[in-house]
Amino acid sequence: MPVFLHDTMSRETRPLLLRPDSRVFGMYCCGPTVYGPAHIGNFRTFILQDVLRRALETDGLPVKHVRNITDVDDKTIKGSIAAGLPLTEFTRGWTNKFHHDCAALGLLRPHVEPSAVAHIPQQVEMIRSLVDRGHAYVSAGSVYFKVCTCPDYGKLSRIDGSQLRSQSTNSAGEANDADEYDRESIRDFALWKAWSPEDGANRWASPWGEGRPGWHIECSAMSLAHLGVTFDLHGGGVDLCFPHHENEIAQSECATGVKGFAGHWFHSAHLMVEGDKMSKSKGNLYTLDQLVEKGFTPMEVRYALIAGHYRTPLNFTFEGLENARSAIGKLERFADRLLQAAGFTRTDFVPPKVQEPTAAWGRFAPAWEALCQDLNVPGCLGQIFSVAGSKDEVTPAQARQDVCGLARILWTLGLTLFQERKAEEAPPAVAELGARRWAAKQAKDFATADRLRQELAALGWTMVDRKDGYDLKKG
Ligand code: AMP
Ligand code: ZN
């Protein structure tokens, strides 16, 4: 069954399929601006893109996932100067931190992760093509895109280009009209910015003098370099729809002369905090480290971020994280029961390759079907829990199918069970009671085992038995 997804451009929900003449599904996602740690709002978007990619791979599509690193813009330059570091050194540190958080949150590495600084010649080349074709003009050493030369400008966000009052050229979405007198029209946006003293040592040569690229051109140049003139899907948070994606379309289609830059537009709604978008500029953010410090596992954070539908803003709350914790606990207990019924232990079960067309879904086919309907993660989770809560007896053969189905759907959601939680390590007295109870149970001394279980409960701990061991859980 193909994955169906809402497309911002057509406002339709359409199947994601390989184009007849193509062997891979090209997916471009706007990546992080690396001037500080990404916050969990950013990660909501990156994780949803990861779930989409995983769903496509589960469906058997070969995906080429490109996600850039924005390592040259106002904020990275300002940050590197304030830190007294060369730009590349400053951004390398934050890129490493980003990779570390991505790995903890179970994100697959994109196949290509291009950096804007490493693609200056490609950006210059695209700007040159726009100037040659009459879509851009040079003014005071900067180059601007001339919006009035692009008659279908605004087609993604359905704004009327001719009514557009202004362009904010800053990637934080802040009004940035410092260069307003150099532009022929306030609607035009910068492709190349002439060097100014605030840029410090960060300047590159171009036919128009030294300077640096504008923000939007990097994604046009890097998607062209790695996915070609047109590709299958473009993603980002909903804030990027205008002006960033609108400008990418205008630049790319005018530079190449080919319409249909991206075949499908995937925008995810924001993570909110008390009615406001979580953002660095508002300072209302949480990082993964802060939540791990509070005792949550990265998987609980991932679960909380995908639990709401991607087209609906999600309010960040600690109650949401607690719910994620209890949902993962339920899934773990269910997975253990299922493994036992199938005659496996946690360690000897080898998950099937997800793309194998014959791989079983068992009773999880409805969960997969829900996910295929516009990436309905809440519906998918609902279906998983309806199987988990079912009292139906299953044969060992059925349980083996279910185990495969569960492993496949959890892989698709990127959820790894049984993650260690540092903060919940049992204190020595509890660990000792646990070990004694396990020994009593092995010796079939059930009376002692029961007594020890009660002692553990009195201390606020539960012992969860598996075939090959046990876990101690708080509560
Ligand atoms: P940035 O690092 O600011 O360039 O943003 C990286 C990605 O995170 C972009 O796709 C943004 O649209 C997205 N993003 C930023 N803030 C949020 C938020 N509060 N919720 C969801 N996505 C966000
Ligand atoms: Zn972009």
Side-chain angles (χ1 to χ4, degrees), residues 8 27-52 66-76 79 91 94-95 97-98 101-102 105 107 110 113-116 119 123 126 156-157 168-174 189 213-227 231 233-252 261-262 265-287 301 304-306 308-316:
T8 316
M27 165 169 170
Y28 186 93
C29 300
C30 295
T33 311
V34 281
Y35 70 108
H39 56 72
I40 56 163
N42 301 132
F43 279 116
R44 180 180 197 213
T45 291
F46 297 134
I47 292 172
L48 287 166
Q49 291 162 350
D50 182 69
V51 173
L52 176 66
V66 180
R67 187 184 62 216
N68 71 294
I69 297 284
T70 298
D71 50 4
V72 52
D73 78 332
D74 299 348
K75 290 172 289 178
T76 48
T91 56
W94 289 116
T95 304
K97 173 66 185 143
F98 176 68
D101 287 354
C102 283
L105 288 165
L107 285 138
E113 201 175 41
S115 115
H119 287 74
Q123 296 176 72
M126 189 172 253
L156 177 66
S157 42
S168 69
T169 54
N170 159 330
S171 58
E174 295 152 356
F189 58 91
W215 168 41
H216 312 293
I217 194 76
E218 64 174 273
C219 289
S220 284
M222 290 191 277
S223 60
L224 176 66
H226 298 284
L227 292 171
F231 54 92
L233 180 137
H234 197 315
V238 72
D239 55 314
L240 299 189
C241 194
F242 178 84
H244 184 53
H245 289 162
E246 206 69 75
N247 292 351
E248 276 188 46
I249 297 173
Q251 293 162 160
S252 295
F261 166 56
W265 287 89
F266 172 44
H267 288 110
S268 36
H270 283 145
L271 185 67
M272 313 291 285
V273 186
E274 286 163 21
D276 257 341
K277 174 191 166 196
M278 183 177 284
S279 73
K280 283 188 192 120
S281 50
K282 292 207 174 80
N284 59 355
L285 55 83
Y286 282 98
T287 62
V301 175
L305 293 175
I306 62 172
H309 192 266
Y310 80 89
R311 286 212 278 146
T312 309
L314 180 73
N315 207 25
F316 170 78

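We're numbering straight along the sequence, starting at 1. Bear in mind that the values here come from a model prediction, so they are computed numbers and not experimental data. Indexing begins at 1, ligand by ligand and atom by atom, following the structure's order.
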Distance filter under 4.0 Å to G236 heavy atoms, resulting ligand 1 atoms: 10 (O)
Shortest non-hydrogen contact between K282 and K277, atoms and distance: CD-O, 3.9 Å
statement: If we number the atoms of ligand 1 from 1 as shown, the ones under 4.0 Å from a heavy atom of F46 are 6 (C), 7 (C)
- prompt: Looking at T45, which atoms of ligand 1 are within less than 4.0 Å of one of its heavy atoms?
  reply: 10 (O), 13 (C), 21 (C), 22 (N), 23 (C)
message: At a threshold of 2.8 Å, where the distance has to be below it, does the Zn ion (ligand 2) have an N, O or S atom of H245 nearby?
response: no
- request: Would you mind telling me if ligand 1 is within reach of the side chain of D239, the backbone, both or neither, using heavy atoms under 4.0 Å?
  value: side chain
task: Taking the side chain as every heavy atom from C-beta outward, state whether F231 and S223 have any pair of such atoms under 4.5 Å apart.
output: yes
task: Taking only heavy atoms of M278 into account, list the atoms of ligand 1 that are under 4.0 Å away from them.
output: 16 (N), 18 (C), 19 (N)
Any N/O pair V238/ligand 1 closer than 3.5 Å: no
- prompt: Do any N or O atoms from the side chain of D101 and from the backbone of F98 form a donor-acceptor pair under 3.5 angstrom?
  reply: no
task: Give the minimum heavy-atom separation between N68 and C219, together with the two atoms involved.
output: OD1-SG, 4.0 Å
query: For ligand 1, is there an N or O atom under 3.5 Å from any N or O atom of S279?
result: no
- request: Could you tell me whether some N/O pair between K280 and ligand 1 is separated by less than 3.5 angstrom?
  value: no
message: Using side-chain heavy atoms (C-beta onward) and a distance below 4.5 Å, is P32 in contact with I69?
response: yes
query: G31 heavy atoms, cut-off 4.0 Å: which ligand 1 atoms fall inside?
result: 4 (O), 6 (C)
query: What angle sits at the Zn ion (ligand 2) between SG of C219 and NE2 of H244, to 10°?
result: 110°
message: If I take every N, O or S atom of C30, is at least one of them less than 2.8 Å from the Zn ion (ligand 2)?
response: yes
Polar proximity ligand 1 side, H270 side, N/O cut 3.5 Å exclusive: no
- prompt: Hey, does T33 come in under 3.5 Å of ligand 1, counting only N/O atoms on both sides?
  reply: yes
- prompt: Under 4.0 Å from ligand 1, counting heavy atoms only, is it the side chain of L240, its backbone, both or neither?
  reply: side chain
message: Is there a polar contact, in the sense of an N or O pair closer than 3.5 Å, between L271 and ligand 1?
response: yes
task: Report yes if some heavy atom in the side chain of M278 is under 4.5 Å from a heavy atom in the side chain of R44; otherwise report no.
output: no
message: With a 3.5 Å distance limit and no angle check, can you tell me whether S220 reaches the backbone of I217 through a side-chain donor-acceptor pair?
response: no
- line: Nearest heavy-atom contact between K280 and T33 is NZ-O, 4.0 Å
- prompt: Taking the side chain as C-beta and beyond, is there a heavy-atom pair between S279 and H270 under 4.5 Å?
  reply: no
message: Is there a ring pair (Phe, Tyr, Trp, His ring centres under 6.0 Å) between Y28 and F266? Walk through the geometry before answering.
response: CA-CA 10 Å; Y28 186 93; F266 172 44; over 10 Å; no
field: Among G41, G237, P32, closest by any non-hydrogen atom to atom 23 (C) of ligand 1
entry: G41
- prompt: Which part of H39 is near ligand 1, with near meaning a heavy atom under 4.0 Å away: side chain, backbone, both or neither?
  reply: side chain
Heavy-atom side-chain contact between E218 and Q123 under 4.5 Å: yes
